[in-house]
There are 2 protein chains.
Amino acid sequence: MERLLQSVKIGINEKIYLKDPESSDLGKRIVEQSILMIDEIGFESFTFKKLGLKIGSNESSIYRYFENKHKLLLYLASWYWGWLEYQLVFSTNSITDPFKKLEKAIEIVTKSTVEDSAFSHINEVLLNKIVINEYSKSYLTKEVDTENKEGYFVIYKRLVSRISEMVNAVNKDYAYPSSLASTILEGSLHQHFLKDHFSSLTDCHKNDDPTKYFLHLVTTLLK
Amino acid sequence: MERLLQSVKIGINEKIYLKDPESSDLGKRIVEQSILMIDEIGFESFTFKKLGLKIGSNESSIYRYFENKHKLLLYLASWYWGWLEYQLVFSTNSITDPFKKLEKAIEIVTKSTVEDSAFSHINEVLLNKIVINEYSKSYLTKEVDTENKEGYFVIYKRLVSRISEMVNAVNKDYAYPSSLASTILEGSLHQHFLKDHFSSLTDCHKNDDPTKYFLHLVTTLLK
DNA sequence: TATAATATAATAGTAATACTATTATATTTG
DNA sequence: CAAATATAATAGTATTACTATTATATTATA
């Protein structure tokens, strides 16, 4: 797993960046440190000026990689979903029983992220927190439709569609596979958020992932 | 019905505003026109300066009602959830069968909003669109915990808890009533959004509400 | 009816944001 | 070593998100 991942690069739509941040040291520092900074101060307060200061570089140099901070968020999110998709495909590939396959997929997608040493400059645990707290902001905009056409959300959509297909494989008569798949992905982020900030609105507590909740839900629905 | 029927006015936490917008003509215009404007240009592009221009008033006058546009969004959202809660309590009050009660609640909460002439200066249809597109932004902030303590989300939380209690009344052995209730409310907004912008990720199409999807889900889960 | 109180409008000003443009200086590559 | 390219430094702009002050309406009360 480790060795395989080391040779894998998460393929991200080239239109998201001006210059591939994986192609230089500065680019990697931008990605690495932006994750730490967005987690620390939140996406609203995060600016390229502050990031430049933090990485000992200049605002204008960061602009040569990303048009604006919104594009950077799209990049980080795409990376995260690509990374999750990889985990999902890798872990479910060898499972032949459709239900067990779906079970595994739900587990992968709903559990809290644990560190992955394969991508040294990316902290997946913090990135997962960022996705929980900020991902909605990347698509709840007036530009969604344009950006969707540009392909900025392909990886996320592919992930949902993979889960949807797994749902279908378990029960081809179930009428809402796509809605269920999107509910699992989005709902999982939401339950994680509730756990941390609105504990009365969820039954997932402390170190408890929403995994059990969704496993039970899907099992009952499809069996 | 209880305290709800006592006044037709939606009771909103007084800390959300500096001066009650219901108390003056200017205040009502601020609320009325901000709904039109946020729907039109989106919350990011919306500013008090633009709103002042639109309502023939001054930026500084708007600041005497709301500290900032975030508080205005909290106000609009609270109003919407209060209004929905009213519909929910009113429509389910007379239903004695727990399952039918829950069914009705899901219907109220997941269907597209239709106009309500009772509140002349508030366009509930547009407000519903705003909630779908912008509500997450009101809590996905670094200030959630503080603002939650201040009670800025009480109405929303009460709504979730009402649905959660209805779930419990149908099946007291179901282990995740709160998670299910929050999934219904948040998930419904999400499915509406997907329907409009990512149709491949949902099975709710065109004028189709996510009502059927959630009714089927809840029925299967609890029966 | 005059006066006081309050609400609103107009104006000005500030620090920060979200950039763009230009030039200088490194660093890499051919 | 020269040329190409990447990065850094500096400066500048329009807009945002406010605050403060003053002027002018409108309303309430004595």
Side-chain angles (χ1 to χ4, degrees), chain A residues 14-34 37-38 40-76 121 134 137-138 140-143 146-147, chain B residues 14-34 37-38 40-76 121 134 137-138 140-143 146-147:
Chain A
E14 295 188 2
K15 286 183 217 150
I16 287 184
Y17 48 76
L18 296 169
K19 179 179 173 168
D20 186 357
E22 287 295 315
S23 72
S24 76
D25 186 65
L26 178 62
K28 282 177 196 157
R29 261 156 57 221
I30 290 173
V31 169
E32 177 185 24
Q33 296 296 314
S34 68
M37 206 169 192
I38 293 172
E40 197 187 332
I41 64 175
F43 189 66
E44 275 66 48
S45 302
F46 169 81
T47 69
F48 281 1
K49 190 160 198 168
K50 289 176 189 168
L51 179 61
L53 218 74
K54 180 162 186 164
I55 64 180
S57 174
N58 201 271
E59 200 188 359
S60 58
S61 303
I62 302 168
Y63 274 106
R64 307 193 77 252
Y65 285 83
F66 295 101
E67 240 178 288
N68 48 51
K69 68 174 183 175
H70 175 246
K71 287 283 177 74
L72 173 55
L73 180 60
L74 287 174
Y75 179 88
L76 295 178
H121 65 297
E134 324 284 3
K137 299 169 192 169
S138 78
L140 293 177
T141 67
K142 280 285 164 184
E143 295 79 33
T146 322
E147 299 193 337
Chain B
E14 295 188 3
K15 287 184 218 150
I16 287 183
Y17 48 76
L18 297 170
K19 179 178 172 170
D20 186 357
E22 287 296 315
S23 72
S24 76
D25 185 64
L26 179 62
K28 281 177 195 157
R29 262 156 56 223
I30 289 172
V31 170
E32 177 185 24
Q33 296 296 314
S34 68
M37 207 169 191
I38 293 172
E40 199 187 330
I41 64 175
F43 188 65
E44 274 66 49
S45 303
F46 170 80
T47 69
F48 280 2
K49 190 160 198 172
K50 289 176 189 168
L51 179 62
L53 218 74
K54 179 161 186 164
I55 65 179
S57 176
N58 200 273
E59 199 187 359
S60 57
S61 302
I62 302 169
Y63 274 105
R64 307 195 78 253
Y65 285 84
F66 295 101
E67 238 178 289
N68 48 49
K69 68 174 183 174
H70 175 246
K71 287 284 176 73
L72 173 56
L73 180 60
L74 286 173
Y75 179 88
L76 296 178
H121 65 296
E134 324 284 2
K137 298 170 192 169
S138 78
L140 293 177
T141 67
K142 280 283 164 185
E143 295 80 33
T146 321
E147 299 193 338

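Below, chains carry the letters A, B, ... as their sequence lines are ordered, and counting in each starts from 1.
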Item to check | Rounded distance (Å) that lies between atom C1' of D:dA9 and atom CD1 of A:Ile55 | outcome: 15 Å

Checklist outcome for this item: Residues passing the side-chain hydrogen bond (donor to acceptor under 3.5 Å, both in side chains) test with A:Ser24, sequence neighbours excluded, are A:Tyr65

Checklist entry - At what distance, to the nearest 0.5 angstrom, does CD1 of B:Ile30 lie from CZ of B:Phe48? => result 7.5 Å

Item to check | Whole-Å gap separating P (D:dT7) and CD1 (A:Ile62) | outcome: 11 Å

Item to check | Residues within residues 18-33 of chain B bordering DNA chain D, heavy-atom distance below 4.0 Å | outcome: none

Checklist entry - Mind checking what makes salt bridge (Lys or Arg N to Asp or Glu O under 4.0 Å) contact with A:Lys54, not counting sequence neighbours? => result A:Glu40

Checklist outcome for this item: With sequence neighbours left out, the residues meeting side chain to side chain contact (heavy atoms under 4.5 Å, CB included) with A:Ile41 are A:Met37, A:Ser45, A:Phe46, A:Lys50

Checklist entry - Is there a Watson-Crick or G-U wobble partner for C:dA24 with both distances under 3.5 Å, and if so, which one is it? => result D:dT7

Checklist entry - Looking at residues at least two apart in the chain, or sitting in another chain, which of them share a salt bridge (Lys or Arg N to Asp or Glu O under 4.0 Å) with B:Glu67? => result B:Lys71

Next on the checklist: Just to verify, what does A:Glu44 make a salt bridge (Lys or Arg N to Asp or Glu O under 4.0 Å) with, not counting sequence neighbours?
Outcome noted: A:Lys137

Next on the checklist: Just to verify, what does B:Phe43 make a ring-ring contact (aromatic ring centres under 6.0 Å, His included) with, not counting sequence neighbours?
Outcome noted: none

Checklist entry - What is the nucleic acid contact for B:Tyr65, judged by heavy atoms within less than 4.0 Å: base, sugar-phosphate only, or nothing? => result sugar-phosphate

Next on the checklist: OP1 or OP2 of C:dT8 versus the side-chain N and O atoms of B:Ser57: is any pair under 4.0 Å?
Outcome noted: no

Next on the checklist: Once side-chain hydrogen bond (donor to acceptor under 3.5 Å, both in side chains) is applied, do any residues pair with A:Ser61, and if so which ones, sequence neighbours excluded?
Outcome noted: none

Checklist entry - Less than 4.5 Å apart, any side-chain heavy atom of A:Leu76 and any of A:Ile38? => result yes

Next on the checklist: Rounded to whole Å, how long is the line connecting atom CG of A:Leu53 with atom P of C:dA16?
Outcome noted: 13 Å

Checklist outcome for this item: Atom CZ of A:Phe66 and atom C1' of C:dT17 are separated, to the nearest Å, by 19 Å

Checklist entry - Among all residues two or more places apart in sequence or in another chain, which pass the side-chain hydrogen bond (donor to acceptor under 3.5 Å, both in side chains) test with B:Ser57? => result none

Next on the checklist: Show me the pairs that pass salt bridge (charged side-chain N to carboxylate O under 4.0 Å, His left out) and involve residues 16-27 of chain B, at least two apart or across chains.
Outcome noted: B:Lys9-B:Asp20, B:Asp25-B:Arg29

Next on the checklist: One character per nucleotide, please: for nucleotides 24-30 of chain C, 5' to 3', B when the base has a protein heavy atom closer than 4.0 Å, S when only the sugar-phosphate does, - otherwise.
Outcome noted: -------

Checklist entry - What string of B, S and - do you get for nucleotides 12-19 of chain D, 5' to 3', if B is base contact, S is sugar-phosphate-only contact and - is no contact with any protein heavy atom under 4.0 Å? => result ----SBBB

Checklist entry - Relative to the 5' end of DNA chain D, which residue comes earlier, A:Gly56 or B:Asn58, by the nucleotide with the nearest heavy atom? => result A:Gly56

